[in-house]
Amino acid sequence: MGDKNKDFNYGYQPLDEFAQEGDGSGVHDKLTESYELENIDKNKSNDGLGALEEKPASETNANGLGVMTAAIFIVGEICGAGAISFPAALSKTGIYGLFLIVVVVFACVYAGLLLGHSWKRIDEQRQNKDPLRDPYPYMGEVAVGRKFRHFITVTLNVQLFLTCVVYLLLAAEIVGSFVSFHVGHIHQQGNLRLWLIILACIITPLTWLGTPKDFWFVAVAAAGSTTLALLLVWIKYGMIAPEDLGAVEKAPVTLGSFASAFGTFVFGFTGASLFPTIQSDMRNPGEFSKAAYLGYLGIFLLYVPTALGGYFVLGKDIRSSILRTLSHYDKVHHSSRSIVSIAECLFAAHFVTGFVLMLNPCLQQLGEFFKVPHKFCFQRVALRSLAMLAILVSCEIFPQFGPIVDLVGGSINVLLCFVFPITIYLKLFPETTTKSKLVMAAIIIFAVLGGTASTVSNAWNISKEFHKLYFAKGATGHPEV
């Protein structure tokens, strides 16, 4: 009996008993019963977008995150690679991409709030209020079952891992553009790989910190650096904009380019997989919806002007990174690089700090799996250092961020940020209205169709790039910079 209690420890006695007596298929039925016993109005309309009920002061975490700090965490974790790659993505879709951006934003906010409501229902039934290292997978187990928890855990960790690969590549590329090594036969491409090693060594100690509330200053630095960098990019747009924007030649839009851009848009806005971690660390988790609205509003206001400015001012000349595009423009036109250089430094700071935020949930789950103590210790240092080594090796093998962004956005992020949240919510809220279910069904259909097309297109692009790196005639194993 002791082992069963350990395996099915939901911190709420009726749920523990049900899990031990049942087949482990999920405890949502028992959870719903508990709410009926507490006279919750089942006929109340629930569209998933309402505000979460705030808890009394006595039930809040006095040392947790406030609404504004949580919103800054959302901006700091999500806004980064998307800001750099959105101009190229909009170039692939044309002006019609704006409609796609709006749909993706709505779907991301909606799904993120569904997760917030799901966590609130589960958390209110937990007697053990200790912080969870893996709130998202925990929600999946309560709603569907243990196998679903394992599936979410694997998917989430792969997504966070690959996102960190992207962040480390971007940081190394930016820093390498300022400082080059001229030793022996090291050239520009080898310079990138050396900076990957150096930055990995610098970042590793930051990964030894605990949970997000232990390093709120990192989120502030990530969000602040991105905002300032994009302001400089907008200033640069104004300085180089031609008198007749209509004369700027635009890139042709094809079905393949449109599908590829879908993955970039999803990658740039999706962060729902990290929301349970932020919400569980909030002073009052019931106020999470406010943080989500504020966070996504900030991200939207940063992304859209950046994408539109690049589309109208630079047109078909946009590369995968807007920073690389502007840097190339200054080089060709012999312009001052001061504004772009400052923006690059700020983005590098964002990717270093955002890297720590992105990797933390993955490291927490690894710590839970390997039974690492909830304190600073040798086991934590060793495990998290090994995780950093794995990320570094992946960067060295395929040092190109663009294809990875598109692939992750169109495949893994679609599951974590749309399909899984809706599945969990419907299991926990069987009283959901038909209207809301239709909205959720539309989101899943949109996400799955777009994600499938994007995944196929981007998987093919990655295979071609990998072949070019290592197997094509004259291949050097170095990316084109």
Side-chain angles (χ1 to χ4, degrees), residues 78-112 230 233-234 237-238 240-242 244-271 296-322 324-326 402-411 413-414 417-419 438-461:
I78 297 176
C79 188
I84 283 183
S85 56
F86 261 43
L90 191 62
S91 177
K92 296 177 182 178
T93 62
I95 200 65
Y96 303 105
L98 283 179
F99 172 76
L100 185 58
I101 289 175
V102 172
V103 173
V104 170
V105 170
F106 168 79
C108 289
V109 174
Y110 193 96
L230 290 180
V233 169
W234 300 345
Y237 285 160
I240 65 176
D244 183 10
L245 293 177
V248 177
E249 186 177 355
K250 307 298 190 296
V253 177
T254 65
L255 182 60
S257 67
F258 204 94
S260 176
F262 175 86
T264 304
F265 290 146
V266 173
F267 184 95
F269 279 112
T270 50
Y296 267 106
L297 176 62
I299 295 168
F300 184 83
L301 294 177
L302 290 174
Y303 276 1
V304 173
T306 304
L308 285 175
Y311 176 76
F312 286 112
V313 173
L314 297 167
K316 67 179 181 61
D317 294 328
I318 297 178
R319 302 185 179 189
S320 59
S321 165
I322 188 61
R324 188 188 301 174
T325 303
L326 292 174
I404 300 176
V405 166
D406 295 341
L407 181 65
V408 174
S411 56
N413 280 14
V414 165
C417 300
F418 301 125
V419 179
L438 290 176
V439 173
M440 296 176 200
I443 290 175
I444 287 183
I445 292 172
F446 164 77
V448 170
L449 290 179
T452 300
S454 178
T455 300
V456 172
S457 173
N458 291 312
W460 174 249
N461 291 338

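Interatomic distance, I444 CD1 to F418 CZ, rounded to the nearest 0.5 Å: 10.5 Å. For the atom pair OG1 of T455 and CZ of F262, the computed distance is 9.0 Å after rounding to the nearest 0.5 Å. Between the CH2 atom of W234 and the CG atom of L302 there is a distance of 5.5 Å, given to the nearest 0.5 Å. Rounding to the nearest 0.5 Å gives a distance of 8.5 Å between OG of S321 and CG of L326. We find the OG1-CG distance between T325 and D317 to be 8.5 Å, quoted to the nearest 0.5 Å. L314 CG to R319 CZ: the interatomic distance, rounded to the nearest 0.5 Å, is 11.0 Å.
Between the side chain of S454 and the backbone N or O of A259, at least one donor-acceptor pair lies under 3.5 Å. Y296 contributes a side-chain N or O that, together with a main-chain N or O of F269, makes up a donor-acceptor pair within less than 3.5 Å. Although no hydrogens or angles enter the test, the distance criterion places a donor-acceptor pair under 3.5 Å between the side chain of T254 and the main chain of S257.
Looking at every heavy atom in both residues, Y110 comes nearest to I443 through CD2-CD1, 3.8 Å. Across all non-hydrogen atoms, the minimal contact from V266 to V104 is CA-CG1, 4.1 Å. The heavy-atom pair separating A261 from T93 by the smallest distance is CB-CG2, 3.3 Å. The nearest pair of heavy atoms linking P87 to I322 is CG-CB, 3.9 Å. The minimum heavy-atom distance linking V248 with P242 is given by the pair CG2-CG, 3.6 Å. The minimum heavy-atom distance between Y237 and P305, with the atom names listed, is CE1-O, 4.1 Å.
More than 12 heavy atoms of other residues, nucleotides or ligands shown are found within 6.0 angstrom of CG on L438.
Applying the salt bridge (Lys or Arg N to Asp or Glu O under 4.0 Å) test to residues at least two apart or on different chains, the pairs with a partner in residues 85-111 are K92-D406.
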Decide yes or no on side-chain contact (heavy atoms from CB on, under 4.5 Å) for F312 and L90, but give the supporting numbers first.
-> CA-CA 10 Å; F312 286 112; L90 191 62; over 6 Å; no
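Checked against a 6.0 Å centroid threshold, the rings of Y303 and F265 do not count as neighbours.
Between L100 and F258 there is a side-chain heavy-atom pair separated by less than 4.5 Å. Counting heavy atoms from C-beta outward, L308 and I95 have side chains that approach closer than 4.5 Å.
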